[in-house]
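Comments concern the structure below.
Reckoned from all heavy atoms, side chains included, excluding hydrogens, waters and symmetry mates. Just so we're on the same page: letters track the sequence lines, and every chain starts at 1. Just so it is clear, the structure is predicted and the values come from calculations on it, not from any experiment.
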Amino acid sequence: MPSSVGTGLNPEQQQAVEYRGGPLLVIAGAGTGKTRVIVHRIASLIDSGVPANRILAVTFTNKAAEEMRKRIDALVPGQASKIWAHTFHAFAARMLRKHASAAGLHPHFTVYDAADQKRIITETLKEVGLVNEKSKAGLYVSVISRAKDDLLDAESYAIHAMTQPDSFRETVAKVYTRYQKKLDSAGGVDFGDLLLKTAHLLKNDERVRSYYQEFFREVLVDEYQDTNHAQYVITKTLAAKHRNLCVVGDPDQSIYAWRGAHIRNILEFESDFKNAKTVKLEQNYRSTPNILNAAGAVILNNRQRHAKSLWTEAPEGDPVEVEELSDERQEAKYVVRRVVDLVDHGASLKDIAVFYRTNAQSRSFEEALSLAQLPYRVVGSVRFYERKEIKDVLSYARAALNPADSVSLSRVLNVPARGIGKSAEEALKIFARDAGLTLRDALSHPEAAATLSPSGRRGARELAHVLDRLSADFAVLSPSEAMNAAMQRSGYWDWIENAVETDPEAAGRLGNLQELLNALKEFEEAQGEDADLSRFLEEVALQSGADGYDASQPAVTLMTVHLAKGLEFPAVFVTGLEEGLFPIQAGNASAEEVEEERRLCYVAMTRAEKRLFLTHAASRRLFGRAYSNLPSRFILEARLFSREEGPKRELDESPEPRTQEFVEPDRTFEQGDRLRKIKRGMLVRHPEFGEGKIVDFSGAGEALKVTIHFRNGKTAKLLARFAPLFPA
DNA sequence: TTTTGATAACTTTTT
DNA sequence: GTTATCAAAA
């Protein structure tokens with residue numbers, strides 16, 4: 001971090017570290033030494049006698065928690081591991097694990113991730129008879145998850161739906177109720193439940209509540225601008241007694257409203273907590289003035305915003321560069337060229353990051369970088385624990401550990417194939433339901449299932465046997481041995497191994513399984529005696545994309561803008577800055593949504609220390625189709641354009657060698673002194689509609705029509721002969 | 001029942 | 001351009 005300040009803190013940081021008078025809000029702009037303040041504050045609390053195990057520090061990712069521990073350990077050795085440093089979700093899981101029976105949960109309850117959630121919802125939709133809604137499973141998942149974030153359980157949601165009759169809400173209420181029943185009977189929780197059930201536990205169980213209110217002497221919450229209602233309630237409840245609550249955040253970096261975060265939590269902190277003290281950190285130690293000015297100019301366009309400005313003592317630095325490329329392949333080639341350039345000038349690959357709005361964009365960069373033989377790492381796209389083979393064997397482990405977990409069990413009923421096909425699965429489930437058995441118990445008594453085929457019966461018996469053996473194994477084996485047993489006894493390992501000759505991907509799968517075993521061995525070493533498989537499974541479910549990548553490896557970092565939050569790099573490329581992509585959905589986005597996109601762009605830009613490059617492509621291929629996009633409004637807002645009229649500042653030296661790669665004949669038409677020659681991708685001006693870009697043609701000669709995307713978001717198809725088009 | 005092949009649906013962002 | 005889903009063939 002800021003080596004410029006040595007070990008000292010500036011006066012505001014000092015104040016934030018030392019304040020002891022109750023609720024404290026630290027508004028920490030990008031790069032103002034936020035983590036440093038939290039770390040020093042915790043160290044100082046410990047110094048002044050607060051027991052480390054009575055401090056709760058909530059972070060946004062597991063990686064951030066780990067990082068925090070490491071830095072605290074350097075200041076007050078031996079104490080860091082005692083601190084409750086977790087993400088909200090991991091903290092909630094810890095609480096629920098400890099008070100499982102009070103919370104009405106199985107002690108080995110399963111944490112279902114987003115993919116599990118979607119599967120269960122799809123199944124629920126089928127059961128409720130909404131077969132044609134199946135493709136909307138994602139929508140239901142998000143509506144239900146948002147409800148949970150707002151602490152609306154199925155019952156409350158149903159009441160809420162009744163007060164405002166609306167058929168969609170009623171349907172959701174029905175699906176929600178049924179979905180929840182499934183989770184409850186499987187003894188599982190989804191992400192939302194972790195928070196909701198913790199909030200309920202604290203609310204309804206007086207003993208638990210007062211115990212923790214007394215226990216946690218200090219509560220600190222990082223990235224407070226991204227907390228949702230459930231997290232807010234948990235925080236407020238825990239801090240109610242001692243009132244030693246310190247929240248840190250930056251409203252300009254709130255980028256998770258779509259996930260239920262309420263920016264008002266931070267904006268209204270002072271009215272929520274009487275006599276709260278606010279400290280603002282505005283001195284930036286990360287970026288050059290050129291970078292800060294550009295980012296500041298962008299965020300200035302948000303209306304929903306508290307005034308704040310960052311300043312720095314750093315020298316001006318290199319100009320921010322903007323480059324338009326013809327398509328995403330050229331964009332990737334450009335990035336590679338500049339990366340090579342940076343490396344030639346002494347940069348290390350690990351100093352360089354490429355950000356994009358959507359995961360799908362990583363592809364072209366990966367191709368270009370490997371072509372150039374430059375090592376890179378993609379953070380968070382296809383996560384290890386989301387791979388099919390990994391999820392399958394984990395499901396065996398979950399099913400063996402928690403006999404009620406029919407969700408995990410039904411995932412692996414017939415993987416590898418053992419004669420339990422679609423109809424057999426159906427028969428088993430109906431039998432289980434009618435007989436009042438769990439799916440697992442039903443497997444043990446297949447002879448009683450009337451409609452089950454002979455092969456289904458054989459398969460069921462076989463699987464029941466596997467699970468019984470595994471449950472017995474698990475009682476005596478270490479986590480890695482247990483997982484190995486799951487792979488062997490289920491026949492999964494052999495199944496993949498046998499496929500190696502025919503399936504080119506099988507070898508990789510086998511490698512992944514081996515890697516999982518290695519991860520478990522590492523986990524055992526780290527945890528020592530009390531290494532426990534269900535603990536491992538929980539950690540896995542709560543892993544974030546940002547977790548577990550090694551930042552010290554010499555490789556270019558590729559990641560989405562969301563994952564970049566909290567990180568910093570000497571050189572940053574923010575790519576795909578186009579209307580419709582970043583901001584996404586430019587046309588039909590609400591003002592709030594555009595403001596969130598703008599904050600996202602601000603976050604991306606402020607990650608850069610020394611060099612910042614912004615790129616956009618005139619045309620971009622998506623699902624095989626090419627789309628033409630205008631440069632993002634954020635580029636214009638950054639005021640980096642070298643246009644005659646604009647204020648002259650940080651310019652690309654080369655005036656404008658726009659690389660136009662389209663080899664397409666110019667179209668011509670007769671028309672007074674107006675524009676006569678038009679070209680795809682060309683910027684034009686229309687007296688009524690303003691500036692726009694030509695994206696398509698049809699017809700020829702007198703009937704030549706042009707399709708233009710205008711900056712105001714409108715698209716028009718005009719007859720070239722009549723349209724008053726002028727050069728932009 | 002399982003495998004294969006066709007087709008449709010999809011992409012924001014993630015704890 | 002890929003992955004999930006569904007229908008037909010083995």
Side-chain angles (χ1 to χ4, degrees), chain A residues 58-65 86-93 111-115 117-119 122 126 131 134-138 141-142 145-146 148-149 189-195 223 226-228 230-231 254-261 328 355-364 367 379-383 386 388 414-425 453-456 458-459 502-503 538-547 559-565 576 580-586 589 593 596-597 599-601 603-604 620-627:
Chain A
V58 184
T59 57
F60 204 68
T61 62
N62 300 300
K63 189 165 176 254
H86 299 290
T87 63
F88 264 113
H89 290 84
F91 168 72
V111 178
Y112 293 124
D113 67 15
Q117 235 182 19
K118 199 163 175 191
R119 272 181 52 240
T122 308
K126 231 187 285 176
V131 190
K134 239 173 35 192
S135 61
K136 293 190 199 146
V141 169
S142 82
S145 301
R146 286 308 69 75
K148 291 187 177 183
D149 289 340
V189 299
D190 61 17
F191 288 139
D193 280 339
L194 286 170
L195 303 175
E223 307 284 9
D226 283 320
T227 51
N228 61 33
Q231 293 166 335
S254 161
I255 56 175
Y256 283 101
W258 56 273
R259 214 174 71 189
E328 77 278 2
F355 300 153
Y356 35 78
R357 181 64 181 78
T358 67
N359 276 308
Q361 288 164 257
S362 73
R363 195 190 178 82
S364 49
E367 281 169 2
V379 181
S381 62
V382 194
R383 286 185 232 158
E386 282 172 11
K388 182 184 181 309
N414 205 30
V415 192
R418 53 172 71 84
I420 309 177
K422 214 164 157 187
S423 53
E425 179 180 344
S453 65
S455 74
R458 203 173 336 109
T502 53
D503 180 356
E538 176 181 301
E539 261 182 37
V540 160
L542 297 177
Q543 276 231 334
S544 89
D547 292 334
M559 60 170 83
T560 64
V561 201
H562 281 88
L563 286 180
K565 187 168 78 157
L581 183 63
F582 198 176
I584 210 153
Q585 274 188 353
E593 286 168 330
E596 177 146 318
E597 292 289 310
R599 290 191 293 267
L600 196 50
C601 183
V603 169
R620 182 176 295 277
R621 199 167 273 284
L622 213 72
F623 322 121
R625 212 200 240 92
Y627 293 86

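Paired with A/His562 under the rule ring pair (Phe, Tyr, Trp, His ring centres under 6.0 Å), one option of A/Phe582, A/Trp258, A/Phe355 passes, and it is A/Trp258. Between A/Asp226 and the choices A/Lys565, A/Arg599, A/Arg259, the salt bridge (charged side-chain N to carboxylate O under 4.0 Å, His left out) rule is met once, by A/Lys565.
Under 4.0 angstrom from either OP1 or OP2 of B/dT12 there lies no side-chain N or O belonging to A/Thr560. At least one side-chain nitrogen or oxygen of A/Asn414 sits closer than 4.0 Å to the OP1 or OP2 atom of B/dT2. Of the side-chain N and O atoms in A/Ser453, one or more sit less than 4.0 angstrom from OP1 or OP2 of B/dT1.
Computed from coordinates, the A/Lys388 NZ to C/dT2 C1' distance equals 17 Å when rounded to whole Å. At whole-Å resolution of the value, NE2 in A/His562 and C1' in B/dT15 are 12 Å apart. Computed from coordinates, the A/Glu328 CD to C/dG1 C1' distance equals 11 Å when rounded to whole Å. At whole-Å resolution of the value, CG in A/Leu581 and P in B/dC10 are 18 Å apart. Separating the CG atom of A/Asn359 from the C1' atom of B/dC10 is a distance of 14 Å, rounded to the nearest angstrom. Computed from coordinates, the A/Glu425 CD to B/dT1 P distance equals 11 Å when rounded to whole Å. For the pair A/Arg620 CZ and B/dT12 P, the interatomic distance rounds to 15 Å; values are reported in whole Å. If you take CZ of A/Phe60 and C1' of B/dT14, they are 8 Å apart, rounded to a whole angstrom.
Among the protein residues, A/Arg621 comes within range of no part of the nucleic acid, since none of its heavy atoms lies under 4.0 Å from any strand.
Here A/Phe88 does not count as stacked on B/dT15, because the ring centres are not under 5.5 angstrom apart with planes under 30°.
Ranking B/dT1, B/dT12, B/dT15 by closeness to the A/Arg259 side chain, first place goes to B/dT15. When the nucleotides B/dT11, B/dT1, B/dT2 are ranked by their closest atom to the side chain of A/Ala417, B/dT2 comes out on top. When distances are taken from the side chain of A/Leu563 to each of C/dT2, B/dT1, B/dT14, the shortest belongs to B/dT14. In the set B/dT15, C/dT2, B/dT14, the nucleotide with an atom closest to the side chain of A/Phe191 is B/dT15.
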- [ ] Could you check A/Thr560 against A/Arg357 for side-chain contact (heavy atoms from CB on, under 4.5 Å), going step by step and ending with a plain yes or no?
- [x] CA-CA 6 Å; A/Thr560 64; A/Arg357 181 64 181 78; over 6 Å; no
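Judged by distance alone, the side chains of A/Glu367 and A/Ser364 never bring a donor and an acceptor atom under 3.5 Å apart.
Comparing A/Ser423 and A/Arg357 by the nucleotide of DNA chain B that holds the closest heavy atom to each, the one mapping nearer the 5' end is A/Ser423. Where A/Ile420 and A/Glu596 each meet DNA chain B at their nearest nucleotide, the meeting point lying more 5' is that of A/Ile420.
Of the C1' atoms belonging to B/dT12 and C/dT5, the separation is 23 Å, rounded to the nearest Å. Rounded to a whole angstrom, the distance from the P atom of B/dT13 to that of C/dA4 is 15 Å.
In this structure, A/Phe60 has its ring center under 6.0 Å from that of A/Tyr256.
Of all nucleotides present, none satisfies the Watson-Crick or G-U wobble test against B/dT12 with each distance under 3.5 Å. Base pairing analysis places C/dA7 opposite B/dT4; the two distances defining the Watson-Crick or G-U wobble pair are each below 3.5 Å.
Within a 6.0 Å radius of CZ in A/Arg458, no more than 12 heavy atoms belonging to other residues, nucleotides or ligands are found.
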